[in-house]
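Let me begin by presenting the structure, written as structure tokens, before commenting on it.
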Amino acid sequence: MFSNRFPQFNKCSVLFLIGSELYIDINEYKEKMSLIFEKIFEMQPRKKVLIKRHPNTSLTSIVLPKGCVEIPYYYPGNLIFDKASIVISYGSAALFEAANKKKRAISLAFLIDSTRKGQAKSIKNYLKSNSSAKIHFPKKLNDLSELLTLKKLNSKV
């Protein structure tokens, strides 16, 4: 039923969940998000990138890139991630749910600095403790680029 109502979601390769992160400087977040979007678009066409804001986000000031498909915030991420091969977020539970369904799950916890010491490690522990599959935690933008290559989707990158 969801696919029938939103057929444009069926053609995506990346689902990017943004917003509502704790202990993040908003200016740092915006700056890094811009760089992350650039990396995504180097590897994937914009029309194949779905973006969903968290329902409780205060980050409406983040301007989403043109050409992407924005999903209404009220649809749960775990309802949509079946449409994508890659799911990206800072620390959403959708990451371990996606990983458990054999999707490539990528956390941005180590790419976006936190204002709280140990936040990235805490996010990693939370996600890994709830996953029976691999979740990726790139530390550099180049690491993210490698993970965005669909050709390597089944590899142990």
Side-chain angles (χ1 to χ4, degrees), residues 8-9 11-81 83-99 103-131 134-153 157:
Q8 69 271 31
F9 295 176
K11 298 175 184 155
C12 78
S13 54
V14 175
L15 171 61
F16 194 4
L17 306 168
I18 65 170
S20 197
E21 310 306 341
L22 296 175
Y23 312 113
I24 299 293
D25 177 87
I26 186 65
N27 293 323
E28 161 83 6
Y29 189 77
K30 286 180 179 182
E31 182 182 315
K32 289 285 176 81
M33 290 300 279
S34 181
L35 295 171
I36 290 165
F37 278 126
E38 286 179 28
K39 285 296 177 189
I40 291 171
F41 301 141
E42 284 175 11
M43 307 307 290
Q44 301 293 327
R46 289 176 188 241
K47 65 184 177 184
K48 291 191 172 243
V49 177
L50 299 176
I51 300 174
K52 183 191 168 304
R53 295 179 195 263
H54 192 278
N56 298 330
T57 189
S58 60
L59 297 173
T60 54
S61 61
I62 292 181
V63 178
L64 300 181
K66 294 185 189 298
C68 298
V69 179
E70 184 173 4
I71 297 168
Y73 72 90
Y74 46 83
Y75 286 109
N78 59 357
L79 182 65
I80 301 157
F81 66 65
K83 304 297 177 193
S85 301
I86 300 171
V87 179
I88 304 171
S89 178
Y90 184 83
S92 172
L95 288 173
F96 63 74
E97 292 180 58
K103 305 291 180 179
R104 181 170 291 170
I106 303 172
S107 169
L108 303 175
F110 288 93
L111 279 176
I112 301 173
D113 295 332
S114 174
T115 58
R116 180 177 173 221
K117 185 178 171 130
Q119 177 72 1
K121 189 175 181 181
S122 176
I123 296 266
K124 182 176 182 177
N125 290 339
Y126 161 71
L127 293 173
K128 288 182 82 169
S129 69
N130 286 288
S131 179
K134 185 164 181 72
I135 298 174
H136 301 274
F137 298 89
K139 294 185 177 172
K140 297 178 185 168
L141 286 171
N142 288 340
D143 298 337
L144 177 63
S145 293
E146 288 181 30
L147 292 168
L148 291 168
T149 304
L150 285 176
K151 292 177 194 167
K152 296 180 181 179
L153 197 54
V157 176

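Scored by the side chain to side chain donor-acceptor pair (under 3.5 Å) test, K128 finds no partners at all (sequence neighbours excluded). F110 pairs by the ring pair (Phe, Tyr, Trp, His ring centres under 6.0 Å) definition with nothing, not counting sequence neighbours. For F16, the ring pair (Phe, Tyr, Trp, His ring centres under 6.0 Å) partners are F37, not counting sequence neighbours. The salt bridge (charged side-chain N to carboxylate O under 4.0 Å, His left out) test applied to E38 returns no partner, not counting sequence neighbours. In this structure S131 satisfies the side chain to side chain donor-acceptor pair (under 3.5 Å) test together with N100, sequence neighbours excluded. By the side-chain contact (heavy atoms from CB on, under 4.5 Å) test, N125 is found to be paired with K121, residues two or more places apart in sequence or in another chain being considered. Applying the side-chain contact (heavy atoms from CB on, under 4.5 Å) rule to A109 yields the partners Y90, S107, A120, I123; only residues at least two apart in sequence or on another chain are considered. Applying the side chain to side chain donor-acceptor pair (under 3.5 Å) rule to E31 yields no partners; only residues at least two apart in sequence or on another chain are considered. Listed by chain and number, the residues in a ring pair (Phe, Tyr, Trp, His ring centres under 6.0 Å) with Y23 amount to none (sequence neighbours excluded).
Side-chain contact between L147 and R104 is present, with heavy atoms from C-beta onward closer than 4.5 Å.
With rounding to the nearest 0.5 angstrom, the NZ atom of K30 is 13.5 Å from the CD1 atom of I112.
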I40/I86 under side chain to side chain contact (heavy atoms under 4.5 Å, CB included): CA gap, chis, key distance, verdict | CA-CA 11 Å; I40 291 171; I86 300 171; over 6 Å; no
Let me see the working for T115 and E28 under side chain to side chain contact (heavy atoms under 4.5 Å, CB included), right down to the final yes or no.
-> CA-CA 10 Å; T115 58; E28 161 83 6; over 6 Å; no
